[in-house]
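Right, one structure below, let's go through it.
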Amino acid sequence: MYAERASRLDGAVVWTRTVATTPVPARPVHPVLPDGCMDLLWTDGRLYVAGPDTRAHAPGDTPAGANARYDGVRFAPGAGPALLGVPAHELRDRRVDLADLWPAARVRALAGRVDGAADPSAALEDLALRHAADAPAPDPVLRAVARRLAAGHSVAATADAAGIGARQLHRRSLAAFGYGPKTLARILRLQRALALVRGGLPYADAALAAGCADQAHLSREMRDLAGTTLGAYVASAKRETPQPSGSSTTA
């Protein structure tokens, strides 16, 4: 089960996910797809960071017969590196202990606070808010780039609107997003299409509305970026029942 709400931190989302296992038959786990974001996570007393993904992954390996809870703060594309103090490309497709990025003693103290909180997700959000107050602000140009790409603008038009050249945009995108603007545009386009599909739009219509050439194009992007098919993804999404939250829920 998954639930999320808007965070008090600008552009961020606070989420909770519980992964349950059933002995027989094994139940497929709904994959986590690339979204251009970075996450600060807590589970089982551990604080760690999920870097920007270029491929889908399972939310976690859970011992048979057990439930695993994951709490996270998902930062908007381009916002995580300034707060965490590390370029996004160094964390691409990685899960890294926060103690590898920040002083270990400090992280132990922070993990203890989250671990002892009645609501770990709220405690994690407080941690992010306190740190964001002392961290440099995210690059406003790159935040604007992410918004334009998310809205479906081309990379060339986005670079022109940002007033920077293609090479500089690529270099700054690596630090902010973990990959170049073309990869980010593909990932955000796929997310747009899947949001439309989850809303009930037929695959072909969702593909065109999201900016793909046709349904076949969307299917190729799904295989390349998510490692699955549209049908398999939608079927796994239906198995995962969202919990009520203060804002919206998502599959």
Side-chain angles (χ1 to χ4, degrees), residues 1-7 11-22 26-39 41 50 52-60 62 67-80 93 121 146-153 177 179 183-251:
M1 291 192 293
Y2 176 88
E4 68 175 37
R5 63 173 173 82
S7 172
V13 170
V14 180
W15 58 268
T16 299
R17 187 169 194 155
T18 303
V19 180
T21 59
T22 54
R27 188 178 63 161
V29 176
H30 186 52
V32 178
L33 303 188
D35 58 7
C37 299
M38 297 172 62
D39 293 66
L41 303 106
D53 290 323
T54 60
R55 58 181 181 270
H57 67 92
T62 310
N67 290 334
R69 171 170 169 154
Y70 300 82
D71 294 272
V73 176
R74 181 178 305 119
F75 306 114
D93 291 321
S121 61
R147 287 192 294 269
R148 289 187 64 84
L149 293 177
H153 295 281
F177 310 127
Y179 23 66
T183 298
L184 179 62
R186 290 179 65 203
I187 287 170
L188 295 178
R189 182 177 60 198
L190 178 63
Q191 287 290 339
R192 287 196 305 276
L194 292 178
L196 294 169
V197 167
R198 290 193 298 267
L201 203 64
Y203 295 166
D205 294 339
L208 293 175
C212 294
D214 50 27
Q215 183 177 333
H217 182 194
L218 175 58
S219 296
R220 289 193 299 272
E221 292 290 80
M222 194 70 188
R223 288 194 298 270
D224 289 347
L225 295 171
T228 187
T229 64
L230 282 164
Y233 174 81
V234 171
S236 68
K238 289 179 179 178
R239 296 187 188 99
E240 187 168 306
T241 304
Q243 297 172 337
S245 70
S247 178
S248 62
T249 56
T250 186

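Computed from a prediction, not measured in an experiment: that's the story for all the values here.
- Closest approach of Ala56 and Ala226 over heavy atoms only: CB-O, 3.3 Å.
- A salt bridge links Arg186 with Asp224; the closest basic N to acidic carboxylate O contact falls under 4.0 Å.
- The distance from atom CG of Leu225 to atom CD1 of Ile187, rounded to the nearest 0.5 Å, is 6.0 Å.
- In this structure, the side chain of Thr183 does not engage the main chain of Tyr179 through any donor-acceptor pair within 3.5 Å.
- Under the 3.5 Å distance criterion, the side-chain polar atoms of Asp214 are matched with a main-chain donor or acceptor of Ala216.
- A distance-only check finds a donor-acceptor pair linking the side chain of Asp93 to the backbone of Thr54 [under 3.5 Å].
- The distance from the CZ atom of Arg220 to the CG atom of Leu190 is 13.0 Å, given to the nearest 0.5 Å.
- Under the salt bridge (Lys or Arg N to Asp or Glu O under 4.0 Å) criterion, Arg147 pairs with no residue, sequence neighbours left out.
- Smallest separation of non-hydrogen atoms from Trp15 and Ser121: O-CB, 4.3 Å.
- Shown here for Gly11 and Ala76, the closest heavy-atom pair between the two residues is O-CB, 3.5 Å.
- Partners of Arg192 under the side-chain hydrogen bond (donor to acceptor under 3.5 Å, both in side chains) rule, at least two apart in sequence or in another chain, do not exist in this structure.
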| said: As a quick check of understanding, evaluate side chain to side chain contact (heavy atoms under 4.5 Å, CB included) for Met222 and Leu33, giving each step before the final call. | reply: CA-CA 10 Å; Met222 194 70 188; Leu33 303 188; 4.2 Å; yes

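- Using modelled atom types, no side-chain atom of Gln191 and backbone atom of Gly36 make a donor-acceptor pair closer than 3.5 Å.
- Ionic pairing of Arg74 and Asp35 is present here: one or more N-O contacts between side-chain nitrogen and carboxylate oxygen are shorter than 4.0 angstrom.
- To the nearest 0.5 Å, the span separating CG on Leu196 from CG on Leu218 amounts to 10.0 Å.
- Taken to the nearest 0.5 Å, the CZ atom of Phe177 stands 8.5 Å off from the CG atom of Leu188.
- The minimum heavy-atom distance between Gly231 and Tyr203, with the atom names listed, is CA-OH, 3.6 Å.
- Separating the CG atom in Leu208 from the NE2 atom in His217 is a distance of 11.0 Å, to the nearest 0.5 Å.
- Residues Ser219 and Leu230 form a side-chain contact, since some pair of their non-hydrogen atoms from C-beta on lies under 4.5 Å apart.
- Arg69 and Asp71 are joined by a salt bridge, as a carboxylate oxygen and a charged side-chain nitrogen come within less than 4.0 angstrom of each other.
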| Which is it for Arg198 and Tyr233 under the side chain to side chain donor-acceptor pair (under 3.5 Å) test, yes or no, and what are the steps along the way? | CA-CA 10 Å; Arg198 290 193 298 267; Tyr233 174 81; 3.0 Å; yes

| said: Assess the residue pair Asp39 and Val73 against the criterion (side chain to side chain contact (heavy atoms under 4.5 Å, CB included)); give the C-alpha distance rounded to whole Å, side-chain angles, the decisive distance to 0.1 Å, and a yes or no. | reply: CA-CA 5 Å; Asp39 293 66; Val73 176; over 6 Å; no

| request: Take Ser7 and Val14 through the test side chain to side chain contact (heavy atoms under 4.5 Å, CB included) and record every step on the way to the result. | output: CA-CA 6 Å; Ser7 172; Val14 180; 3.6 Å; yes

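- Annotation: the span from Tyr2 atom OH to Thr16 atom OG1 amounts to 8.5 Å, rounded to 0.5 Å.
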